[in-house]
Amino acid sequence: MTVNDSAFVRACRGQDVPHTPVWFMRQAGRSLPEYRKIREGVGMLESCRRPDLVTEITLQPVRRHNVDAAILFSDIVVPIAAAGIDLDIVAGTGPVVAEPIRTAGDLERLRPLTADDVSFVAESVRLLVGELGATPLIGFAGAPFTLASYLIEGGPSRTYTKTKAMMYGDPQLWHALLSRLAQITSVFLRTQIDAGVSAVQLFDSWAGALSEADYREFVLPHSARVLGGLADAGVPRIHFGVGTSILLGAMGEAGADVVGVDWRTPLDQATTLIGPERSVQGNLDPAVLFATWDVVEREARRVLAEGRRTPGHVFNLGHGVLPDTNPDMLTRLVELVHSVSAR
């Protein structure tokens, strides 16, 4: 069997599958004791730049949980750091940018990305493809809007005040910044595809902070440039954001083959918004995994039932695995999805 025959790739393409495939956003990470051990004393950015570590960390959840796909261990800010931005990923905080981008002059510090700038990512992908065999590897990148929010705010934000101030107050600079980020993201994803990933996911994690009108005017053209530019790559393209119920249709229009849905919107309702030509991914609430098993099983069966009414379904959480999640619960969940959905 090849990766194109896998349940994951077939579900992304809306084809018949032997069972509903399942993987988890942030499946490689802090919920696993083996991850915490291997990361001791190694900074996040350094971890992402070491192919030996990337390979081992990416493989850990595949070994432990028997998920249907691996996702490359990396971070959405890796390419913008490679493009010249001074930043660090601070434990307990997230990406922190030393000098935020607020003016046209600041934009000059963000240079175009080349594949050579992220050659360590290509090497990681090549090593992983050799290890994974018929198990698909998902590559990923941050979408222009979400990357812009970090660059403008200087770090994580709850209100995106500075981001929206630029968007509304200086649209020329805004579109120049997002155009540069679209180029960076496109090169980052194309590098992963050329090295052998089987699918890519574009994370627009914070797009839910926008109205649909603002999304369509200020964000959609740039995400569409990224996703549309990969139309010839021959791999499924997944598009995901949080709190994006009102944006699901527009996010599908950006060029996705699969739209990720957070836990707020039932999958069958999401399909009505997205359209019948796209598969869906999701969408168990990550917090459900802290409940008793009978609750987890009930909710997982509900998600699977809703997923059966969609063109194609990849089971996932509605966002990433929370750090304190019991990994045994994830293993049991994979077994349940596989058994309940077996055709």
Side-chain angles (χ1 to χ4, degrees), residues 8 11-14 17 20-27 69 71 138 140 142-143 145-146 149 158 160 199-216 218-220 223-224 227 236-291 295-322 325 330 333 336-337 340-341:
F8 168 74
C12 288
R13 291 175 172 159
V17 291
T20 300
V22 52
W23 69 280
F24 305 112
M25 291 178 280
R26 295 192 193 138
Q27 63 187 18
I71 183 165
I138 305 166
F140 76 92
F145 172 79
T146 291
S149 74
R158 292 184 181 275
Y160 305 96
V200 291
Q201 177 156 314
L202 187 66
F203 283 87
D204 212 351
S205 305
W206 311 136
L210 300 172
S211 68
E212 182 179 4
D214 286 343
Y215 178 85
R216 288 185 176 279
F218 294 108
V219 177
L220 178 58
S223 294
L227 292 166
R237 298 157 294 170
I238 309 167
H239 199 12
F240 172 76
V242 182
T244 53
S245 297
I246 194 66
L247 305 180
L248 288 173
M251 290 180 72
E253 291 171 26
D257 303 295
V258 184
V259 176
V261 183
D262 75 11
W263 65 92
R264 297 170 178 87
T265 308
L267 293 178
D268 49 352
Q269 293 182 24
T271 284
T272 302
L273 299 169
I274 296 164
E277 68 277 15
R278 297 180 180 89
S279 296
V280 297
Q281 179 175 280
N283 67 342
L284 186 71
D285 188 336
V288 167
L289 295 171
F290 292 84
V295 174
V296 175
E297 180 176 0
R298 182 192 72 212
E299 290 301 298
R301 286 178 179 271
R302 176 186 59 78
V303 171
L304 284 168
E306 293 167 356
R308 281 193 288 271
R309 297 193 286 271
T310 69
H313 178 210
V314 176
F315 191 100
N316 208 309
L317 304 181
H319 199 192
V321 175
L322 296 169
T325 302
L330 291 169
L333 179 56
L336 177 74
V337 170
V340 169
S341 66

Quick one: do R298 and R302 satisfy side chain to side chain contact (heavy atoms under 4.5 Å, CB included)? Show the steps, please. CA-CA 6 Å; R298 182 192 72 212; R302 176 186 59 78; over 6 Å; no
When rounded to the nearest 0.5 Å, the distance separating CG of N316 from CD1 of I71 is 8.5 Å
Gap between atom CZ of F240 and atom CE of M25 - 0.5 Å precision: 3.5 Å
Should the pair F145 and Y160 be assigned to parallel (<30°), tilted (30 to 60°) or perpendicular (>60°) ring geometry? tilted
Under the salt bridge (Lys or Arg N to Asp or Glu O under 4.0 Å) test, which residues partner D214, sequence neighbours left out? none
After noting the C-alpha distance and the side-chain angles of V258 and C12, does the key distance pass the side chain to side chain contact (heavy atoms under 4.5 Å, CB included) rule? CA-CA 6 Å; V258 184; C12 288; 3.7 Å; yes
Salt bridge (Lys or Arg N to Asp or Glu O under 4.0 Å) partners for R216, two or more places apart: E212, E253
side-chain hydrogen bond (donor to acceptor under 3.5 Å, both in side chains) involving R26 - partner list, sequence neighbours excluded: none
Which heavy-atom pair separates E306 from N283 by the least distance, and what is that distance? OE1-OD1, 4.5 Å
For Q27, side-chain hydrogen bond (donor to acceptor under 3.5 Å, both in side chains) partners two or more places apart: none
So how far is it from Q281 CD to L317 CG, rounded to the nearest 0.5 Å? 10.0 Å
Residues in side chain to side chain contact (heavy atoms under 4.5 Å, CB included) with S245, at least two apart? R264, T265
Reported CG-to-OG distance for the pair D204 and S223, which is rounded to 0.5 angstrom: 5.0 Å
Work out which heavy atom in L220 is nearest to a heavy atom in A254; give both atom names and the distance. CD1-CB, 3.5 Å
Under 3.5 Å: donor-acceptor pair, side chain of R237, backbone of L227: yes
Correct closest heavy-atom pair for A69 and W23 would be O-CB, 3.7 Å
Within this structure, what is the CZ-NE2 distance for the pair F24 and H319, rounded to the nearest 0.5 Å? 15.0 Å
Taking only residues at least two apart or on different chains, which pairs with a member in residues 270-280 satisfy side chain to side chain donor-acceptor pair (under 3.5 Å)? none
T325 side chain to L322 backbone, donor-acceptor under 3.5 Å: yes
For G318, does its backbone N or O pair with a side-chain atom of D285 as donor and acceptor, under 3.5 Å? no
Quick check: do L284 and L289 have side-chain heavy atoms less than 4.5 Å from each other? yes
Given side chains that start at C-beta, do those of T20 and R308 come closer than 4.5 Å, heavy atoms only? no
Which atom names give the shortest non-hydrogen contact between V314 and A11, and what distance separates them? CG2-CB, 3.9 Å
Measure the OG1-CG distance between T244 and L210 for me, rounded to the nearest 0.5 Å. 11.0 Å
For A300 and F315 the tightest heavy-atom approach is O-CE1, 3.9 Å
Quick one: closest heavy-atom pair of S205 and T146, and the distance? N-OG1, 3.1 Å
Is it the case that the side chain of H313 and the backbone of V280 share a donor-acceptor pair, with hydrogens and angles ignored and the cut-off at 3.5 Å? no
Evaluate the side-chain proximity of T310 to I274: yes if any heavy-atom separation is below 4.5 Å, no if none is. no
Side-chain donor or acceptor of D262 paired with backbone N/O of G243 under 3.5 Å: yes
